[in-house]
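Following: one structure in structure tokens, then a few remarks.
Values in this document were obtained by computation on a predicted structure and should not be read as measured data. Counting begins at 1 with the first residue of the sequence. Computed over heavy atoms, backbone and side chain alike; hydrogens, waters and symmetry mates excluded.
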Amino acid sequence: VQLQASGGGLVQPGGSLRLSCAASGILLGSSHMEWHRQAPGKQRELVATITNGGSTNYADSVKGRFTISRDGAKNMGYLQMNNLKPEDTAVYYCYAIFLRSYWGQGTLVTVSS
């Protein structure tokens, strides 16, 4: 089982990025999936959740700006991030639960002018 996150990079404040999480060995369309992030010197925090039934939930700090989604046919998960702020700078991780839990490697998002 492997989760491969990608799509991070350097973006100016107010910009957008879309993170992707490619899954192999599990079916993301049938999984509970989350995105977490860890900023320098801080603990990892939950950013967004999508249940296996498709319900979504967001941290207050990203509500209205981030959207979690997945494509079962492609076995991919996504995090669309709009109106990015410097405080969104972090390493972002995808996480899925399918019989057991799995972490992907992180992808770095830097929001800076």
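- In terms of modelled atom types and a separation under 3.5 Å, the side chain of Thr51 and the main chain of Gly53 share a donor-acceptor contact.
- A heavy-atom distance below 4.5 Å is found between the side chains of Leu84 and Phe66.
- Listed by first then second residue, pairs satisfying disulfide bond (SG atoms under 2.5 Å apart) with a partner in residues 36-72 number zero, not counting sequence neighbours.
- Connectivity analysis of hydrophobic side chains (ILVMFWY, heavy atoms under 4.5 Å, direct or indirect) links Tyr78 to Met76.
- In this structure, Thr56 and Thr67 have side chains that are not in contact, with every pair of non-hydrogen atoms separated by 4.5 Å or more.
- You'll find the side chain of Ile50 reaches within 4.5 Å of the side chain of Arg70, heavy atoms only.
- Tyr95 meets the ring-ring contact (aromatic ring centres under 6.0 Å, His included) test with His36, Trp103; sequence neighbours excluded.
- For Arg44, there are no side-chain hydrogen bond (donor to acceptor under 3.5 Å, both in side chains) partners, not counting sequence neighbours.
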Inset, instruction - Evaluate the side-chain contact (heavy atoms from CB on, under 4.5 Å) criterion for residues Arg65 and Met81: first the C-alpha distance (whole Å), next the side-chain angles of each, then the deciding distance (0.1 Å), finally the verdict. - result: CA-CA 6 Å; Arg65 300 188 297 120; Met81 307 185 295; over 6 Å; no
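- Residues in residues 28-93 take part in no disulfide bond (SG atoms under 2.5 Å apart) pair, two or more places apart or across chains.
- Put simply, the side chain of Asn75 gets close to the backbone of Leu28: a donor and an acceptor are under 3.5 Å apart.
- Applying the disulfide bond (SG atoms under 2.5 Å apart) test to every pair with at least one member in residues 21-113, sequence neighbours left out, gives these pairs: Cys21-Cys94.
- Contacts of Lys42 classified as side chain to side chain contact (heavy atoms under 4.5 Å, CB included), with partners at least two apart in sequence or in another chain: Ala39.
- Ala48 pairs by the side chain to side chain contact (heavy atoms under 4.5 Å, CB included) definition with Tyr58, Ile68, Leu79, not counting sequence neighbours.
- Within the structure, salt bridge (Lys or Arg N to Asp or Glu O under 4.0 Å) contacts touching residues 96-113 (residues at least two apart or in different chains) do not occur.
- Contacts classified as salt bridge (Lys or Arg N to Asp or Glu O under 4.0 Å) and involving residues 26-36 (residues at least two apart or in different chains) are not found.
- Scanning both residues, Trp35 and Gly77, for their nearest heavy atoms gives CZ2-O, 4.2 Å.
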Donor-acceptor pairs under 3.5 angstrom involving side-chain atoms of residues 5-18: please list them, not counting sequence neighbours.
from	atom 1	to	atom 2	distance (Å)
Ser16	OG	Asn82	OD1	3.0

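- In this structure, the side chain to side chain contact (heavy atoms under 4.5 Å, CB included) partners of Glu45, at least two apart in sequence or on a different chain, are Arg37.
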